[in-house]
Amino acid sequence: MVRAQTSHPLDPLSAAEISVAVATVRAAGATPEVRDGMRFFEVALVEPDKNVVALADAYFFPPFQPSLLPKTKGGPVIPSKLPPRKARLVVYNKKSNETSIWIVQLSEVHAATRGGHHRGKVVWSKVVPDVQPPMDAVEYAECEAVVKDFPLFREAMKRRGIEDMDLVMVDAWCAGYHSDADAPSRRLAKPLIFCRTESDCPMENGYARPVEGIHILVDMQNMVVIEFEDRKLVPLPPADPLRNYTPGETRGGVDRSDVKPLQIIQPEGPSFRVNGHFVQWQKWNFRIGFTPREGLVIYSVAYIDGSRGRRPVAHRLSFVEMVVPYGDPNEPHYRKNAFDAGEDGLGKNAHSLKKGCDCLGYIKYFDAHLTNFNGGVETIENCVCLHEEDHGILWKHQDWRSGLAEVRRSRRLTVSFICTVANYEYGFFWHFYQDGKIEAEVKLTGVLSLGALQPGETRKYGTTIAPGLYAPVHQHFFVARMDMAVDCKPGEGFNQVVEVNVKIEEPGKNNVHNNAFYAEEELLRSELQAMRDCNTLSARHWIVRNTRNVNRTGQLTGYKLVPGSNCLPLAGSEAKFLRRAAFLKHNLWVTPYARDEMYPGGEFPNQNPRVGEGLATWVKQNRSLEEADIVLWYVFGITHIPRLEDWPVMPVERIGFMLMPHGFFNCSPAVDVPPSAGDVEVKDNGISVKPIQNGLIAKL
């Protein structure tokens with residue numbers, strides 16, 4: 001009998017494990033000064049090798065899937081327990097300005113550490129030179145306090161008619177890298193300043209009054225202002241009466257009165273089942289993870305396909321980076337190029353959905369445990385949301401001869417989380433469908449980052465939305481990293497990528513009617529060949545195929561990546577932010593799996609002086625992709641030309657892409673979805689609407 005395990009190898013670290021990891025590293029500090037200076041930016045699970053995951057899923061955790069392991073003579077050798085879990089810590093020493101990485105091996109960890117004793121072991125550590133880790137919320141708060149207390153800043157605000165510092169908002173933006181002055185030898189922030197009009201109104205939209213003309217540089221290590229200059233007196237925009245977005249009278253308006261309640265009722269409960277972090281729904285199964293940097297991670301995605309059993313689709317899905325470059329060349333907007341994952345952390349800025357959830361119906365929540373700046377553990381309750389959604393028609397056909405019709409409604413399973421980075425909110429969603437599709441979606445909302453105008457001034461680099469107030473043009477880019485495993489057991493490398501373009505047949509004997517077009521495939525054989533861009537004119541898409549598995553027609557089984565709306569950077573090729581974001585230059589990159597290749601701009605993009613670090617450098621190896629353990633890096637974005645209707649709060653904009661089965665199944669997996677017309681009896685103006693056995697609906 002194998003020994004029971006308390007945590008699956010891919011489960012996020014528990015609060016107790018984080019405490020043990022922090023205590024272990026702190027105890028390993030060489031001197032009291034080193035220990036006192038430690039600040040903890042990230043404590044995350046060291047994800048085990050894929051063969052360990054296979055072993056765990058085969059013999060240690062339900063639903064127990066021995067088929068995941070390769071067959072061997074005499075049967076498999078099953079260890080009595082799995083390897084111990086490990087934690088990886090990113091630690092910044094505030095006294096020495098050094099960043100280090102630590103690996104801590106965790107023993108069986110109880111709900112709480114006893115008497116301060118730790119039960120871990122440091123197995124590896126190193127100091128990483130010439131980098132700066134992400135910023136932390138504690139640093140943001142300290143920076144705001146330091147700036148507001150700086151005498152020259154107070155004088156500058158007084159010249160603008162502001163003496164009450166409680167009205168002032170200081171957003172500590174990372175400095176980026178524009179010249180040697182931004183080198184990571186110093187930990188820097190260049191704050192943006194805003195000002196409320198009412199100190200007793202905490203929900204007032206303070207972003208409606210940007211303060212411009214003031215240059216501030218803050219040393220975040222020592223928390224002191226090291227550069228200050230009041231360069232230009234730009235009047236504060238007048239208080240916009242439309243600036244607030246709180247309900248009804250609190251914003252000076254009236255809410256709609258004709259919105260009736262909408263209830264989502266599942267009287268028999270949901271169709272999904274959850275065991276720990278393992279989810280099963282409509283033939284899909286996968287595991288849910290969470291990291292401080294990426295937020296939600298989806299592991300071990302597979303589909304149960306009748307007699308063919310469990311069929312893997314992907315080993316790991318997540319959003320690994322995002323970049324928001326602004327298109328105004330004026331100060332301070334030219335330097336607004338936020339790397340919201342690498343400089344801040346999407347997971348660290350995630351919401352507790354206890355404070356307001358956008359989901360309806362029967363919801364399963366997952367908490368997230370993270371370290372804070374000083375090494376304590378903080379829990380974001382109800383951080384990840386899992387629920388089912390009705391999604392309109394799945395398929396329908398009516399036979400005109402018989403008059404009979406069949407229709408099925410689509411249901412999807414949605415896993416999501418939402419984070420706030422300064423003024424913007426981002427919702428990250430993975431949708432699983434009954435026909436085998438997986439959709440990745442990002443929803444953008446929040447409040448615009450604005451600029452102030454001189455009286456009578458206009459700018460072509462943005463939209464005037466109120467007197468003295470304008471919204472600069474900008475772009476949002478997201479990077480999805482997809483460690484694919486189409487019909488591959490963990491660790492197998494039997495995938496390849498094919499690009500498909502629609503071609504128009506040349507006029508001639510094969511096209512006498514001039515109507516012919518066809519899909520042409522090209523195998524992407526190496527990394528440099530696989531640097532590709534979207535092309536809507538040719539309906540370009542990419543298929544990840546298994547090189548050794550075929551469907552009933554003899555075609556290789558596959559899943560295809562279908563782009564949604566997309567764009568490329570509009571900045572010039574010499575733009576400073578592209579030094580750190582060279583991965584934005586193409587929509588698709590493909591690499592063979594390598595354990596340490598996780599983040600497209602490198603692990604530490606904050607103040608990074610190195611050109612093209614990360615993905616753009618890795619692909620120069622030009623490794624073979626003809627039969628490999630394939631990783632897709634899909635870069636997708638939106639160009640935002642602000643509208644008046646985006647103020648005072650921006651309605652959600654959606655972008656994303658689809659992973660669709662392509663020859664993976666022998667026919668549509670949606671054909672066996674049962675009629676759902678009878679889920680709920682409804683009445684339309686007193687006329688009862690009831691189902692008929694074959695799925696038709698008749699008005700009685």
Side-chain angles (χ1 to χ4, degrees), residues 3-49 52-53 56 60-61 79-94 98-128 133-134 136-138 276-277 287-295 297 299 345 347-348 350 366-381 383-384 603:
R3 180 179 173 182
Q5 305 287 306
T6 57
S7 296
H8 187 276
L10 293 176
D11 283 351
L13 294 178
S14 66
E17 287 175 317
I18 293 172
S19 294
V20 165
V22 169
T24 302
V25 169
R26 186 170 272 141
T31 65
E33 186 178 36
V34 169
R35 294 192 288 272
D36 290 345
M38 286 181 172
R39 300 294 182 267
F40 297 84
F41 283 92
E42 182 177 310
V43 182
L45 175 72
V46 175
E47 294 174 12
D49 291 339
V52 174
V53 176
F60 288 83
F61 291 90
S80 61
K81 62 180 180 178
L82 294 169
R85 282 157 59 88
K86 296 176 183 177
R88 185 179 190 272
L89 297 86
V90 176
V91 181
Y92 174 72
N93 194 294
K94 194 170 175 65
E98 285 184 338
T99 300
S100 56
I101 298 173
W102 301 69
I103 304 294
V104 172
Q105 180 175 296
L106 304 165
S107 58
E108 238 1 77
V109 176
H110 299 291
T113 54
R114 300 175 188 171
H117 295 297
H118 58 87
R119 303 186 66 186
K121 175 184 178 183
V122 174
V123 294
W124 183 87
S125 68
K126 74 170 183 178
V127 173
V128 186
D136 186 85
V138 171
H277 289 81
R287 289 191 173 275
I288 289 177
F290 198 88
T291 74
R293 181 167 182 152
E294 304 155 281
V297 180
Y299 297 107
K348 289 177 68 174
F366 297 84
D367 296 343
H369 305 293
L370 305 168
T371 183
N372 61 28
F373 195 46
N374 295 310
V377 179
E378 295 183 355
T379 298
I380 305 175
E381 296 183 82
C383 182
V384 172
E603 182 167 9

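Below, each value reflects all heavy atoms present in this structure, side chains not excepted, and no hydrogens, waters or symmetry copies.
- Across V22 and G375, no two heavy atoms sit closer than the pair CG1-O, 3.6 Å.
- Residues D11 and R287 meet the side-chain proximity criterion, which asks for heavy atoms closer than 4.5 Å.
- Listed by chain and number, the residues in a ring pair (Phe, Tyr, Trp, His ring centres under 6.0 Å) with H369 amount to none (sequence neighbours excluded).
- By the ring pair (Phe, Tyr, Trp, His ring centres under 6.0 Å) test, Y299 is found to be paired with no residue, residues two or more places apart in sequence or in another chain being considered.
- Applying the side chain to side chain contact (heavy atoms under 4.5 Å, CB included) criterion to V127, with sequence neighbours excluded, gives E98, S100.
- R85 meets the side-chain hydrogen bond (donor to acceptor under 3.5 Å, both in side chains) test with E17; sequence neighbours excluded.
- Listed by chain and number, the residues in a salt bridge (charged side-chain N to carboxylate O under 4.0 Å, His left out) with E33 amount to none (sequence neighbours excluded).
- For the salt bridge (charged side-chain N to carboxylate O under 4.0 Å, His left out) test, residues two or more places apart in sequence or in another chain that qualify with R88 are E603.
- Put simply, the side chain of L10 reaches to within 4.5 Å of the side chain of V53, judged on heavy atoms.
- Annotation: salt bridge (charged side-chain N to carboxylate O under 4.0 Å, His left out) contacts of D36 (sequence neighbours excluded): none.
- R39 is listed as a side-chain neighbour of N374, based on a closest heavy-atom distance under 4.5 Å.
- Remark: A56 engages H8, P9, F61, L82 in a side chain to side chain contact (heavy atoms under 4.5 Å, CB included) (not counting sequence neighbours).
- In this structure D367 satisfies the side-chain hydrogen bond (donor to acceptor under 3.5 Å, both in side chains) test with no other residue, sequence neighbours excluded.
- F290 is linked by a ring pair (Phe, Tyr, Trp, His ring centres under 6.0 Å) to F417, counting only residues two or more places apart in sequence or in another chain.
- The side-chain hydrogen bond (donor to acceptor under 3.5 Å, both in side chains) check on S125 picks up nothing, with sequence neighbours excluded.
- Contact annotation: the side chain of W124 never approaches that of K86 to less than 4.5 Å [non-hydrogen atoms, C-beta and beyond].
- You'll find the side chain of L89 stays beyond 4.5 Å of the side chain of T24, heavy atoms only.
- Aromatic pair Y92/F40: centroids not less than 6.0 angstrom apart.
- Remark: E294 pairs with R316 by the salt bridge (charged side-chain N to carboxylate O under 4.0 Å, His left out) rule, at least two apart or across chains.
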